[in-house]
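Below: the structure, in structure tokens.
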Number of protein chains: 2
Amino acid sequence: MDLVAAVRRFNRTVTQRVGALDDEYMARGRPLAQARLLWEIGPGGAEVAALRSRLGLDSGYLSRLLRTLEGDGLVTVGPADRAGGDGRVRVAALTGAGRAEWAELDRRSDEFARSILAPLPGRRRERLVAAMAEVERLLVASLVVIGPCPPGDPRARACVRAYARDVGRRFDGGFDPALSSPVHDEALVPPAGVFLLASLNGEPVGCGAVKLHPGAPAEIKRVWVSDQVRGLGVGRRMLDELERYAAERGWAAVRLDTNRALTEAIAMYRSAGYGEVEPYNTEPYAHYWFEKRLAQ
Amino acid sequence: MDLVAAVRRFNRTVTQRVGALDDEYMARGRPLAQARLLWEIGPGGAEVAALRSRLGLDSGYLSRLLRTLEGDGLVTVGPADRAGGDGRVRVAALTGAGRAEWAELDRRSDEFARSILAPLPGRRRERLVAAMAEVERLLVASLVVIGPCPPGDPRARACVRAYARDVGRRFDGGFDPALSSPVHDEALVPPAGVFLLASLNGEPVGCGAVKLHPGAPAEIKRVWVSDQVRGLGVGRRMLDELERYAAERGWAAVRLDTNRALTEAIAMYRSAGYGEVEPYNTEPYAHYWFEKRLAQ
DNA sequence: CCACATGCCTGACTTTAGTCAGGAAAATCC
DNA sequence: GGATTTTCCTGACTAAAGTCAGGCATGTGG
């Protein structure tokens with residue numbers, strides 16, 4: 001396939017070559033891992049656990065890197081000083097020298113970006129930046145991973161709150177979760193159902209849930225996608241995953257209800273093969289009820 | 001500046017993240033350097049010197065990597081068997097197992113590219129690929145480096161031959177270098193003049209020369225840019241460099257002659273500040289003579 | 001309050017990447 | 001035809017990156 005060949009070319013020429021140059025700029029004599037860590041701590045400081053997950057480092061390795069930067073007088077690591085906080089978590093912060101070094105990295109990163117733009121005449125510069133933004137935005141879709149998550153997880157809670165907020169802005173007269181039919185956590189934990197989370201680099205950017213009602217079609221709830229990744233097909237993938245979950249466990253149909261204000265969602269349901277059915281519940285915020293028969 | 005910020009974002013999200021993933025796909029258990037080397041050798045084999053320059057490796061390090069791959073039965077290294085060849089150069093070739101491994105890397109590279117495209121709906125896929133191609137093409141301009149080169153160097157010779165070939169295709173009645181006023185190598189070596197080569201990853205993609213005539217304007221000759229990078233401003237950068245060379249050595253003006261068939265070149269000279277002057281030589285292929293006064 | 005999990009740490013280790021000096025064989029220069 | 005250069009090689013290093021096991025303090029669920 002031709003598209004695949006084009007992506008491979010891009011990976012080889014852009015990703016590898018520019019990536020290597022960027023690393024070189026960043027490192028400036030220091031081991032790359034240290035430079036990256038220094039950069040990631042940033043002027044505002046960061047919790048050690050956050051650094052570990054953002055950089056994907058082994059706990060022992062990270063600890064050693066922090067000791068080195070501490071030894072060089074660039075960083076201090078101390079207990080998190082927010083009152084009532086977890087006494088185990090530690091926070092890394094830059095010293096004066098560390099901030100100076102960080103600013104130097106920032107300057108060099110700017111310089112590198114400028115060196116990429118410099119050889120191009122003005123109009124081409126803008127075209128390059130526009131194309132970069134497009135690649136970035138579309139690639140983000142590939143980096144979104146969807147997986148199960150306990151509905152009580154803080155990330156899941158954050159998504160549900162964001163869902164209520166978004167929906168409240170769009171419905172006539174807002175949205176009061178207390179008036180809507182409640183969804184209990186237990187109903188979204190296997191085997192009764194599942195809550196799926198879409199994440200981008202560990203940050204939650206979408207969610208969806210399905211309840212497996214015994215002897216009735218499975219019910220899809222709380223499908224939400226963050227603005228950050230809207231329009232990239234994440235909602236459709238979420239729907240596919242939820243359907244697959246129900247189908248694999250023997251359910252032959254799924255259904256859902258929705259509000260007339262959510263026009264793109266309605267269009268997505270229709271294009272995904274959902275057909276309108278009679279109301280199957282008394283959800284006060286619903287105007288449409290959809291159902292889809294599942295394969296197998 | 002906003003453009004710089006956009007480029008930085010691109011570097012961070014695309015280059016680093018996709019680059020790292022690509023490496024992981026490529027490595028599959030084996031050290032990355034070995035995987036890259038195996039890939040670079042390819043089914044057709046490659047000379048050791050070519051591998052060294054393409055991968056930018058130390059001679060000793062490369063030799064050791066080859067021994068390891070040889071020890072694993074993936075590669076054989078032997079003398080180049082073309083008759084009359086240089087007896088020192090050695091050629092690395094894949095064994096049966098090596099070819100199988102190479103095919104596996106090829107397959108995985110395809111798989112990775114597919115995994116990037118998979119989450120996107122059809123139209124977005126095409127937009128991504130188009131944007132990638134645009135980024136790639138425009139970034140290439142930043143990777144072109146221009147520097148002095150002896151006119152006798154094989155890369156310089158190749159450029160001059162390509163120049164004659166290109167020009168021959170465009171002039172009415174072709175181009176016979178023997179009829180054109182000759183340019184001797186000595187005139188293009190400092191301090192008499194200079195020959196500049198534009199390279200992309202070590203491959204020659206353009207050239208240009210300037211002769212510093214004592215007591216007369218400096219003369220620009222043989223400005224050529226390969227199709228590969230045409231339209232990216234490389235010609236203009238070459239011109240700038242040649243002018244700078246002359247200006248720094250005290251020349252107050254440069255001039256050049258050109259053929260009416262080279263319409264884009266003529267437009268470039270005009271936009272770069274060149275003005276038409278009376279013929280200053282009897283070059284049979286010239287229709288226009290241009291001159292530019294240099295600053296300082 | 002006990003058992004267990006979690007967050008961060010240290011010590012001991014391996015692998016990978018890369019450098020540097022020099023050496024044998026072939027090619028080239030004068 | 002001898003000096004020099006080039007190509008590839010080996011041996012001896014070093015630094016960086018990363019892994020693994022275990023330990024101590026703190027937090028949490030029963």
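Computed from a predicted structure; not experimentally measured. Order of the sequence lines sets the chain letters (A, B, ...), proteins ahead of strands, with each chain counted from 1.
Scored by the salt bridge (charged side-chain N to carboxylate O under 4.0 Å, His left out) test, B/Arg52 finds no partners at all (sequence neighbours excluded). When the side-chain contact (heavy atoms from CB on, under 4.5 Å) test is applied to A/Glu241, the partners found at least two apart in sequence or on another chain are A/Ile146, A/Leu196, A/Arg244. With sequence neighbours excluded, no residue forms a side-chain contact (heavy atoms from CB on, under 4.5 Å) with A/Ser53. Considering only residues two or more places apart in sequence or on other chains, B/Ala162 meets the side-chain contact (heavy atoms from CB on, under 4.5 Å) condition with B/Arg165, B/Trp224. For A/Glu24, there are no side-chain hydrogen bond (donor to acceptor under 3.5 Å, both in side chains) partners two or more places apart in sequence or in a different chain. With sequence neighbours excluded, the residues forming a side-chain contact (heavy atoms from CB on, under 4.5 Å) with A/Ala218 are A/Val210, A/Leu212, A/Ala246, A/Trp251, A/Val254, listed by chain and number.
Relative to the six-membered ring of A/Tyr25, A/Arg28 misses at least one condition, a distance below 6.0 Å or an angle of at most 45° to the axis.
The separation between B/Leu51 atom CG and D/dC8 atom P is 9 Å, rounded to whole Å. Rounding to whole angstrom units, CG of residue B/Leu62 and P of C/dT16 are separated by 17 Å. Atom CG of B/Leu57 is separated from atom P of D/dC9 by 13 Å (rounded to the nearest Å). Distance CG (A/Leu69) to P (C/dC9): 12 Å, rounded to an integer number of Å.
Legend: salt bridge (Lys or Arg N to Asp or Glu O under 4.0 Å) pairs involving residues 69-80 of chain B, not counting sequence neighbours, sorted by first then second residue: B/Arg67-B/Glu70. The salt bridge (Lys or Arg N to Asp or Glu O under 4.0 Å) analysis of residues 5-21 of chain A, with sequence neighbours excluded, yields the pairs A/Arg8-B/Asp106, A/Arg8-B/Asp110, A/Arg9-B/Glu136.
Across residues 14-41 of chain B, B/Pro31, B/Leu32, B/Ala33 each have a non-hydrogen atom less than 4.0 Å from an atom of DNA chain C (numbered order).
The C1' atoms of five pairs define one axis at each end of the helix from C/dC1-D/dG30 to C/dC30-D/dG1, and these two axes lie 30° apart (to 10°).
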- Item | Under 4.0 Å protein heavy-atom contact, by nucleotide of nucleotides 20-30 of chain D - B base, S sugar-phosphate only | B-----BS---
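Using modelled atom types, one finds no donor on one side chain facing an acceptor on the other under 3.5 Å when comparing B/Gln16 with B/Asn11.
In terms of phosphate contacts, A/Arg90 brings a side-chain nitrogen or oxygen within less than 4.0 Å of OP1 or OP2 of C/dC9. Between B/Arg67 and D/dC9 there is a side-chain N or O to OP1 or OP2 distance below 4.0 Å.
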Output a table of donor-acceptor pairs, distance under 3.5 Å, between side-chain atoms of residues 29-45 of chain B and any protein atom two or more places apart or on a different chain; print 'none' if there are none.
unit_1, atom_1, unit_2, atom_2, d
B/Arg30, NH2, B/Glu101, OE2, 3.1
B/Arg36, NH1, B/Asp23, OD1, 3.4
B/Glu40, OE2, B/Arg54, NH1, 2.9

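In the set D/dT7, C/dC9, D/dC9, C/dC9 carries the atom at the smallest distance from any side-chain atom of A/Val77.
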